[in-house]
Amino acid sequence: DPAAAMSVTCSLMPIAEMTLQTDIAMTALLRCALSGNAASALVLAQILGFTDLGHDFGTELAASWYRFGLRHSANPRKLAEVGTILFTAFCERERDRGGA
């Protein structure tokens, strides 16, 4: 159920550490995204973009899931609008962290 997976995963934000509960929620969200649910892919992108994964590829992973969701969206224009807002926030976060 994509709505349930998104709800549970979002309830864990901000994710400070990877726990079993976080892993299960993210796996459920991932399965929904892989089944072609664009909203799940967008939520996955958001969570990956705003979570410290312990490496420098969070933004790239988020962008990849966003593009995946865009390809599977029934309304790509609307998703693109949301994506613009999302990635502006990612860029601001990186700038604040002293990154790119």
Side-chain angles (χ1 to χ4, degrees):
D1 178 9
M6 287 184 274
S7 178
V8 169
T9 307
C10 288
S11 75
L12 300 173
M13 291 299 288
I15 297 172
E17 65 178 317
M18 290 298 161
T19 63
L20 179 59
Q21 181 182 13
T22 303
D23 186 43
I24 291 169
M26 291 293 288
T27 300
L29 186 61
L30 175 65
R31 288 182 50 93
C32 293
L34 287 172
S35 72
N37 185 276
S40 296
L42 182 62
V43 171
L44 187 59
Q46 179 180 4
I47 290 171
L48 290 171
F50 287 116
T51 300
D52 182 6
L53 302 174
H55 56 72
D56 296 330
F57 300 110
T59 301
E60 289 83 358
L61 284 169
S64 177
W65 278 108
Y66 167 72
R67 287 188 303 270
F68 182 89
L70 194 59
R71 284 193 307 271
H72 290 86
S73 176
N75 189 348
R77 180 174 289 192
K78 185 68 172 176
L79 192 64
E81 292 170 9
V82 173
T84 300
I85 295 166
L86 184 61
F87 286 105
T88 298
F90 291 166
C91 290
E92 290 174 4
R93 178 177 159 244
E94 285 297 313
R95 186 189 66 235
D96 292 345
R97 286 180 34 200

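In what follows, residues are counted from 1 in the order of the sequence shown.
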Donor-acceptor contact below 3.5 Å, side chain Thr27 vs main chain Asp23: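 Looks like yes, one N/O pair under 3.5 Å.
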Any donor-acceptor N/O pair, Ser11 side chain to Val8 backbone, under 3.5 Å: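 Present.
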Calculate, to the nearest 0.5 Å, the distance between atoms [atom1] and [atom2] belonging to [X] and [Y] respectively.
X: Thr9; Y: Ile24; atom1: OG1; atom2: CD1; value: 11.0 Å
X: Leu70; Y: Leu42; atom1: CG; atom2: CG; value: 9.5 Å
X: Thr51; Y: Leu12; atom1: OG1; atom2: CG; value: 9.5 Å
X: Asp1; Y: Met6; atom1: CG; atom2: CE; value: 8.0 Å

For the student: nearest non-hydrogen atoms of [X] and [Y], plus distance:
X: Leu29; Y: Ile47; answer: CD2-CD1, 4.2 Å
X: Pro2; Y: Cys32; answer: CA-SG, 3.5 Å
X: Thr22; Y: Glu17; answer: OG1-O, 3.8 Å
X: Ala41; Y: Phe68; answer: CB-CD2, 4.1 Å
X: Gly69; Y: Ala38; answer: O-CB, 3.4 Å

Side-chain touch Trp65/Leu30, heavy atoms, less than 4.5 angstrom: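 Heavy-atom side-chain distance check passes, below 4.5 Å.
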Residues, nucleotides or ligands: over 12 heavy atoms within 6.0 Å of Gln21 CD: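 Atom CD in Gln21 is not packed in, count stays at 12 or less.
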Parallel, tilted or perpendicular, as decided by the 30° and 60° cut-offs, for the rings of His55 and Phe57: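 Because their plane-to-plane angle lies in the 30° to 60° range, the rings of Phe57 and His55 count as tilted.
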Co-membership, hydrophobic cluster, residues Leu61 and Met13, 4.5 Å side-chain: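 Yes, because Leu61 and Met13 connect within a single hydrophobic cluster, where side-chain heavy atoms sit under 4.5 Å apart.
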Residue pair His72, Asn37: steps toward the side-chain contact (heavy atoms from CB on, under 4.5 Å) verdict: CA-CA 7 Å; His72 290 86; Asn37 185 276; over 6 Å; no
